[in-house]
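Keep in mind that what you see is a predicted model, and the values were worked out from it rather than measured. Note that ligands are numbered from 1 as they come in the structure, with each ligand's atoms numbered from 1 the same way.
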Amino acid sequence: MSAVILVTGGTGLVGKAIEYVIENEPQGSRFAKRPGEKWIFASSRDADLRDPKQTLELFEKYQPTHVIHLAALVGGLFANRERKATFLRDNMLINDNVLHTARIKKVQKVISCLSTCVFPDKIDYPLTEEKVHLGPPHDSNFGYAYAKRMVDVQNHAYKEEFGCNFTSAIPTNVFGPHDNFNLRHAHVIPALIHKCYLAKKNGTPFKVMGDGSPLRQFIYSRDLAKLFIWQLREYDDVEPVIFSVDENDEISIRDVANAIVEVMKYDLGAQFENEPNDNGQDRKPASNAKLMKLIGEFKFTPFKEALRESVAWFLDNYDNART
Ligand code: NDP
C-alpha cells in the first residue's frame, strides 16, 4: 500500500529521530520503513504553518495520506513565562491550520504531539491520559499548555463532526541528537551537557542549579520515534497516549548530572548549588500503563547508552548544533 507521511517539525529533535529510525531500522523490524511509504520531513522553511495559505500549499505539494504533526513553538521556562500570548497564539494557529487542512485534504490520519507539561498543576500522581483537562496548568507555561490542550479538544470535535481519524501523543521530557543545546533555552539534559562541555574545556566548575533531588522521566528521542511509528500504524483511537518510560525509571537531576560527568570524562565532578528554590517540582510521574498494554513488547534504550549517543552527537556536531 502506498502512503505519503508528512512529518511537520521534521527538522527538530523528535522529527530528526523519526527520520533516523526510518532510515536505519533493519528490514523486518516493526519500525522499519515499509515498501510504498514516502516520508517527508518539513521545516518552517518549507511552510510557516502559522499561515493558512502556506499550510495549504505544503499539503497540495506533497498530498500526504498521513501526518505526524510535531511543529510547534517550543521553549524553555524563561521563554514560556515571558511570551505567553505568543506561545498560545502561534501554537493555536499552527495546530488549527494543520488540522483544518488535513480535514479538507482528506488526510487519513493525523497524530499531534502534546506534552506532559499540559497537565494540571495540582493533580494526583501519576499523570494518566484522562487527567489532561482536570484543572489549570502551571502558571509559568499556560499559553503553551492551553494551546496544546486544544489539540485534544479539536481531535474530538473533528472526529464527531467529520469522522476524522485524528489523535495525539503525550511525551515526557525528550533528549537526544539534534536537541537544542542553547544554555538559556535548552531543557535540562542538553543544557547540562553543554555546561559540562564548557567546564571541561575551560577548566572551570560544573555548576548545577538546585540540589539535584527532583525526579524526572526522560525518553530518548529515538525510542520516542519508534512509538510515533507504532501509533501511526497500529493505534486508531482519538484519546491520547502517554509516551514515557516506566514510573519506576524516574531519575534524579543529581544522577543525570553525575552520568554526564562520567560520559564526558570530566574529572572535577558536578557541584550542586543547593538552593531548593531552584528545584522546580519534586516529581511529576506519568504512567505508561496504557502504552505498554497496547504496544506489548517494547524495550527502552538504557539511560546511559542514550546519553552516550547524545553526547557523541553533540561533540561531533558542536559547530552546527543549536548552541
Ligand atoms: P524542536 O524545537 O527541536 O523542533 C521544532 C520543529 O518545529 C522544527 O522542525 C521547526 O522548524 C518546526 N517549527 C517551529 N515553528 C514552525 C512554524 N511556524 N511553521 C512550521 N514549522 C515550525 O522541537 P522538538 O522536536 O523538541 O518538539 C517536537 C514536538 O514535541 C513539539 O510539538 C513539542 O511540543 C513536543 N514535545 C517536546 C518535548 C521535549 O522535551 N523536547 C517534550 C514533550 C513534547 P525549523 O527547524 O525550521 O525551525
Ligand 1-proximal atoms of [X], by part, heavy-atom distance under 4.0 Å:
X      : value
Lys16  : neither
His178 : neither
Asp46  : neither
Phe41  : neither
Cys117 : neither
Leu13  : both

Name the orientation class of the two ring planes belonging to [X] and [Y] (parallel below 30°, tilted from 30 to 60°, perpendicular beyond 60°).
X      : Y      : answer
Trp230 : Tyr235 : tilted
Phe206 : Tyr266 : perpendicular
His178 : Trp313 : tilted
Phe41  : Trp39  : parallel
Phe303 : Phe175 : tilted

Pair Lys53 + Glu57, salt bridge at N-O below 4.0 Å: yes
Students should be able to answer this: which protein heavy-atom is nearest to [atom], and at what distance?
atom                    : answer
atom 8 (C) of ligand 1  : Thr11 OG1, 3.7 Å
atom 25 (O) of ligand 1 : Val14 N, 2.9 Å
atom 19 (N) of ligand 1 : Leu49 N, 2.9 Å
atom 1 (P) of ligand 1  : Arg322 NH1, 3.7 Å
atom 29 (C) of ligand 1 : Leu70 O, 3.3 Å
atom 14 (C) of ligand 1 : Ala72 O, 3.3 Å
atom 41 (N) of ligand 1 : His187 CE1, 3.6 Å
atom 20 (C) of ligand 1 : Ala47 O, 3.2 Å

Any N or O on [X] sitting closer than 3.5 Å to an N or O of ligand 1?
X      : answer
Thr116 : no
Gly12  : yes
Gly15  : no
Thr172 : no
Ser44  : yes
Ile94  : no
Val174 : yes
Ser115 : no

Per-atom contacts of ligand 1 with [X], taking only distances under 4.0 Å to non-hydrogen atoms:
X      : answer
Ala71  : 7 (O), 21 (N), 22 (C)
Asp48  : 17 (C), 18 (N), 19 (N)
Cys113 : 29 (C), 30 (O), 32 (O), 35 (C)
Gly9   : 6 (C), 7 (O), 8 (C), 9 (O), 12 (C)
Arg50  : 18 (N)

With the 4.5 Å side-chain cut-off for hydrophobic clustering, are Leu215 and Ile189 part of the same group? no
Which heavy atom of [X] sits nearest a heavy atom of [Y], and at what distance?
X      : Y      : answer
Asp236 : Asn165 : OD1-ND2, 2.8 Å
Ala169 : Phe243 : CB-CE1, 3.5 Å
Val241 : Lys290 : CG2-CE, 4.1 Å

side-chain contact (heavy atoms from CB on, under 4.5 Å) partner of His194, chosen from Asp179, Leu183, Ile260: Leu183
Interatomic distance, CZ@Phe78 vs CZ@Arg83, rounded to 0.5 Å, equals 10.0 Å
Let's go through Asp152 and Ser168 carefully: what are the C-alpha distance in whole Å and the side-chain angles of both, what is the deciding distance for side-chain hydrogen bond (donor to acceptor under 3.5 Å, both in side chains) to 0.1 Å, and is it a yes or a no? CA-CA 7 Å; Asp152 179 56; Ser168 61; 4.5 Å; no
Please check if any side-chain donor atom of His69 sits under 3.5 Å from a side-chain acceptor atom of Asn95, or the reverse. yes
Can you tell me if [X] contacts ligand 1 (heavy atom of the residue under 4.0 Å from the ligand)?
X      : value
Val74  : yes
Tyr144 : yes
His69  : no

I want to check something: taking the side chain as every heavy atom from C-beta on, are Glu250 and Asp255 in contact at a cut-off of under 4.5 Å? no
Would you check, one step at a time, whether the test side-chain hydrogen bond (donor to acceptor under 3.5 Å, both in side chains) holds for Asp246 with Asn248? CA-CA 5 Å; Asp246 193 89; Asn248 297 321; 3.1 Å; yes
Using the ring centroid of each side chain, check whether Tyr197 and Tyr318 are separated by less than 6.0 Å. yes
